Each structure stands twice: as structure tokens, then as C-alpha cells.
Amino acid sequence: MGGTAEGPDADSSISPGPEDSPPRDNSRETPREIPPPRGRRPVVAALMLGMALTALDSTIISTAVPQIVGDLGGFSVFSWLFSGYLLAVTVTLPVYGKLSDTFGRKPILVAGTIVFLIGSLLCAGAWDMASLIAFRVVQGLGGGALQGTIQVVAADLYPLKERPKIQARLSSVWALSAVTGPALGGVLAGYADWRWIFLINLPIGALALLLIVRHLHEPVRPRATRPRIDWAGALAIFGCGGLLLTALVQGGVAWAWLSGPSLALFAASAACAALTVWIERRAAEPIIPGWVWRRRTISAVNLALGALGLLMIAPTVFLPTYAQSVLGLGPIPAGFVLSVMTLSWPISAALSSRVYNRVGFRNCSIIGIGAAALILAAFLLLPYPGAAWQPALIMLLLGAALGLFQLPLIIGVQSSVDWDERGTATASILFCRQVGQSIGAALFGAVANATLATRLAAAPSGIRDGLPGDLDSVSHALDSPGALTAEAADYLRRAVDTAVDRVYLGAAGAAVLALLVLLFLAPRRFPVRAEAGSGTEAEHDVHTEAGSAADQLTANPAREN
């Protein structure tokens, strides 16, 4: 995605890069051409299958938790089935990004798929909750490789002007899998056995692995020196990310935010972050190179997509609760209210090239996130209790706005770096978005529960006794007929409505933060690598069996500082 400069105004927003950047040594690069579409199809099929695996495993287990707990026990720690997987995926993204730049995409993609399938098989054979959580972490170690490397291979295989199509396909697969995951998990747990939730990954993953091994080929790239792996940096990143995300996902749940465990984890993560910076500044081949944050294009996009991860918590986590508790919808209609966003997002992303080819990556994203801020704020104007089509329309418009925002930024970054930097750059984007989601879940969860606590404390004395105290308990109470009087139920629905309004207001604030980052930190022009034969960009070193390969960096090999 980072489109070819077509149209009269394109040059005003997309530039070939600063003239004072040091020249790049292309002596080890071989001139290649991007493979024809037919030669890419098996690899694209493998990428879509891999994307489906990672997306499904983020959501498919949610509706099967009662069956899993009933079989294995461990109700007090079941949340780690999600947290453990999220931790493993997030902290490994930067490591896999660097490794794919060092050793190539194919070895990382193959290894990640194998680890993911081993983790799935182990999960299916888990004998208690502790073993299942441990095996979910193994799954996440493979999922991190899949999630990051798939995006990079897609960028390697397609020239700039075609990337919106492949990225839109991957977005569609992710959206469809994420939405159908809970339903599929419920069906498998209810009519078969919860272990099939993990066993179903095996044939899908095996097919993806076969296609990758047979059809994705990377020429050997000669190196002057043997590559060195920054193991100390990798361990420091694991430690820092693990401590921070544990503090975020467990704070306010397993312990209070200002309790000893929370403060200790945040202090330890800060110390580990300082250690990581110290190690990475001295490493010969750092996992997170300094240029990731020194280049304005990448650092601004990292911050903007971190804000995207934060704001996405409002619709994905709180909208289903709103639809069921306030609107009185069942689980399936509530899921539909959210899923309409996944219809407009890929379509908007696929069409975004028509916008950024005219106004540039930055301006296209500014249009998208500006519209998203207004749409999120409009949620506060919905009447109480309202009709289901009203939040559904909000989500439809939000998906269209975010499609214009996210995709140009990802393509812009991928198009501003060389082949051997693309994995690291893409991984940094995904890492920041994942961290943003973790921060958003913690922050907006605290906002919602604080709002509810305030509203419940102000409840009329006649209904105050027996009222639940947090969002989950309120949802369960409203789902139980006869548990509450009509007056108490209406008061709770209004309290949930107010809490979700506050969350959407915070999400609108996150969108404004992303807008300010783009306006004041992002460069007005994204530097774009020149493409052999077209004068727009360079892709090299990856090819499929039916094609001869990607092309050589030619017109402007300068790097952005």
C-alpha cells in the first residue's frame, strides 16, 4: 500500500527521500522483476490461511470458556488464556521482524507456522488449566511470527500500486475470522468438544505450510560478514514487554491499580526498558535499531497506530456490552452491530489508493482519522435506548474512516524502507498497535468501571441494595430475567449507557491524538523507494516459483534519516 504517484498532485505529497541521506550499497542486490499474478496466487493463499489462523485464535476461545473451565477447572486464572497468547504475540513481533530482515521471510514464516501448530496440538491435549495456559503461550510464540511476517511478504510480493488490493484481502480475512471466531468456538464447544477449537488449526496450518514451502522462494543474498543475533536485546525486549503487558492486563482485575503488584510491575518494566535501550545502543545488530525512532515517517506512524490500537477497544470490547445491556439484543444481533465495521473497513482500504495517489499518504490518513474522531464523538448523541441500526450505522462509517487511515500509513512505511529494513519497520508498527490495545483495554476498563461506580453510588436508596458493582456483573444481572426490578434494570441500563459514552469519548480523544501526531510529527512527504521499470519503488529478493523475482532498487537508493 503506499501507492504509485499517479495524478497531478501526487508529487506534492510523496517524495523519493531526502537528498542528504547517505547512499545505500546495492552491491549485494540482484536485479529482479516482481512475479506475475499467477505465480503469486499460491503464496497469497498461504498468507490468507495464516492470517485466518492468527485472527481466529484471538477470538475463537472466548465462547468456549465455560466448557473449558468445567473440564479443566482454574476459573480464577482463565483470563490468562487470552493474556498469555497476547503477551507472546506482542513481545515477539520486534524479534521476528529483525530476524526476517536478517535471514529472510521464508524461514521465519515456516518456523512460526510449525511452532503455532505444535502449540495448537499441545493445547488440544492439555490436562489442566496451567498446562493449557502454557501451551497458549507456545501458540503465541508462533502467532507473532505469522502476524508480522505475513504483512511483510505481502509487501515484498506486490508493487506499490497493487498493495492496497492484497492488504484489503488480508484485512477482510482478519475481519471475517475475528467476527466468526466466537460463533465457531461456541459451535465446536457445544456440539463436539472444546479441544477441536485447537485441532481445527492443524489442517489449515498444514495447507498453508505446504504452499509456503513449495511456492515461496527467496534467492540467497550474499553477505560480507556472518549475521549476528542480538540475543541480549531479544531477552530484554521479552522482559520489558512481558512486565508491562502483565501490569496492564492484570491491573484492576487481579489486583488494584495502586497496589504493590501493579507498582512493582510498572517499576520493573521501566527499569527493563532502560536496560533495553542501553543494550540496543551497543549491539552490532540490534533487534530494534535506533533508526526506527529517528526517522520521522516510522516514529510518527508508530505513535499514530498505537493510538489506533487504543481507540479500537471502544467498539470491539464495549459495543457488544452496550448492544446487549442497553439495546436488549441477543449475542448474535449484538455481534452484527459490530461486524458491519468489518464490511466497510476492507472496502475503504482497497479504495484508499485512489485518495493517497492524489493527496499523499499523510493527508489521506488525516482525512480518515479526522472523520473517525467525529464519528466516535457522534456516538454520544445516540438516544436512549435507541434502535440497533443507529450504532450499526456509526460502526459502518467508522470502518470506512479507519480504512482510509490505517492502510496508507502501513504502505507508506513499507514503501519508505529497503527490503532488509521492511520486516523491522512493519513489526514496529504492529508492536505499537498491540501495546496501544493493551493500554486501551486497561484505561477504558478503568473509565467504564469508575463511571459505573459513581452512578451506582448515586442510585436511589430504594434500588441501591443488591446492585452489582462492575461492568461484567451489571451485564450478567441484566441478562437474568427477574433478578432486578424494572426500575433497577432501567437505572442499570442508563448507567451502562453513560459508561460506554465515556469510553467512546475517550476513543474520540485517542483519534484526535493520532490526528495531532500526523499533523505535527509526520513528514508532509513520505519518502518512497524507486521501482525498477516504473520509477516509483523497489522490491527485491522475493519471488515465487512461477516468476523470476522482485526488482532492484534503482532510481533513488537514499535512506531517510
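The shown structure was predicted, so the numbers you read here are calculated from the model rather than taken from an experiment.
- Here S299 pairs with W293 under the side-chain contact (heavy atoms from CB on, under 4.5 Å) rule; sequence neighbours left out.
- Looking at every heavy atom in both residues, A425 comes nearest to I298 through CB-CD1, 4.3 Å.
- Remark: R295 qualifies as a cation-pi partner of W291 under the 6.0 Å distance and 45° angle criteria applied to the six-membered ring.
- Considering all non-hydrogen atoms of both residues, C364 and P408 come closest at SG-CG, 3.6 Å.
- A distance-only check finds a donor-acceptor pair linking the side chain of S269 to the backbone of L265 [under 3.5 Å].
- For the pair I279/D230, a side-chain contact is recorded, criterion being any heavy-atom separation below 4.5 Å from C-beta on.
- The backbone N or O of M51 sits less than 3.5 Å from a side-chain atom of T54, completing a donor-acceptor pair.
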N/O donor-acceptor pairs under 3.5 Å from side chains in residues 133-151, not counting sequence neighbours:
unit_1, atom_1, unit_2, atom_2, d
R136, NE, L81, O, 2.9
R136, NH1, D57, O, 3.4
R136, NH1, D57, OD2, 3.2
R136, NH1, Q139, OE1, 3.0
R136, NH2, D57, O, 3.2
R136, NH2, L81, O, 3.1
Q139, NE2, D57, OD2, 2.7
Q139, NE2, S120, OG, 2.9
T149, OG1, A145, O, 2.7
Q151, OE1, Q167, NE2, 3.2

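- Pairing each heavy atom of G399 with each of S348, the nearest pair is O-CB, 4.3 Å.
- Of the possible polar contacts, one joining the T92 side chain to the V89 backbone as a donor-acceptor pair under 3.5 Å is found.
- Under the 3.5 Å distance criterion, the side-chain polar atoms of K98 are left unmatched by any main-chain donor or acceptor of I288.
- Counting heavy atoms from C-beta outward, L209 and V110 have side chains that approach closer than 4.5 Å.
- Within the 4.5 Å cutoff, the side chain of T90 has heavy atoms near those of the F431 side chain.
- Scanning all heavy atoms of the two residues, the minimum distance from A46 to L211 falls at CB-CB, 3.7 Å.
- Between the side chains of T426 and Q414, at least one donor-acceptor pair of N or O atoms lies under 3.5 Å.
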Task: Audit row: D101, R422, salt bridge (charged side-chain N to carboxylate O under 4.0 Å, His left out) steps and yes/no - done: CA-CA 7 Å; D101 284 341; R422 188 174 291 149; over 6 Å; no
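- At least one test fails for R362 against the ring of F526: distance under 6.0 Å to the centre or angle within 45° of the axis.
- Looking at S100, its side chain never comes within 3.5 Å of a backbone N or O of R105 through a donor-acceptor pair.
- Closest of all the heavy-atom pairs between A514 and F405 is CB-CZ, 4.2 Å.
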